[in-house]
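Here's the structure we're looking at; comments come further down.
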Amino acid sequence: MIGSKMSSALNAQINAETWSAFLYLSMSMAAAEMCWRGAAHWFRKQYEEEMQHAFKIIDYMEDQSAHVELRPIREFPTAWESLVRMFEEALEHEKRVTNMIHNLCELATAEHDHATAVFLHWFVSEQVEEEETITAIIERMRLVGDDYTALFFQDVELSERI
Ligand code: FEO
């Protein structure tokens, strides 16, 4: 049984995950316009993953007979000065999401909502993985700097994301 406070917080997280999805879709389109096809592919995959995160919470709430409420998605950016700036912003965003997940965990503990606390563990691990993946991409891009040939090969690697 999910209490009203927890239910409201999970609904806010559904909104945040959906906003994340649209942020990455927007990055995908911006990358495509810059002719970084690998990055465009990578961000589109990230869009799909964020929608899966939203659905994961929706399914959990439905299983618990909690009220799911979709809220309006706030505006998201549409342009970035460079590819590396895009990934830097993605990392900053993921760090904010990590904080949100940790706040949800603290609320679940305070509410003695053991089922939701266990459910959220998956998201805690997922955030570690997301931050690590994006950090590694940024580090490699910073290594090559303005070397467009090296960046081109990194972009090819990004196109291999399954
Ligand atoms: Fe759903 Fe990238 O956090």
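In each ligand, atom 1 is the first atom listed, and ligand 1 is the first ligand listed.
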Rounded to the nearest 0.5 Å, the CD1 atom of Ile58 sits from the OG1 atom of Thr18 at a distance of 6.5 Å
Separation between CD1 (Ile162) and NE2 (His41), nearest 0.5 Å, reads 8.5 Å
Is there side-chain contact between Phe123 and Gln13, with at least one heavy-atom pair below 4.5 Å? no
Between Glu50 and atom 2 (Fe) of ligand 1, is there a contact where an N/O/S atom of the residue lies under 2.8 Å from the metal? yes
Closest to atom 1 (Fe) of ligand 1, among the N/O/S atoms of Glu17, is atom OE1
Should the pair Arg85 and Trp80 be classed as cation-pi, given the thresholds of under 6.0 Å to the six-membered ring centre and 45° from the axis?
no
Checking distances from atom 1 (Fe) of ligand 1, one finds that the N, O or S atom of His53 closest to it is ND1
OE1 (Glu130) to atom 2 (Fe) of ligand 1 to OE2 (Glu94), nearest 10°, is 90°
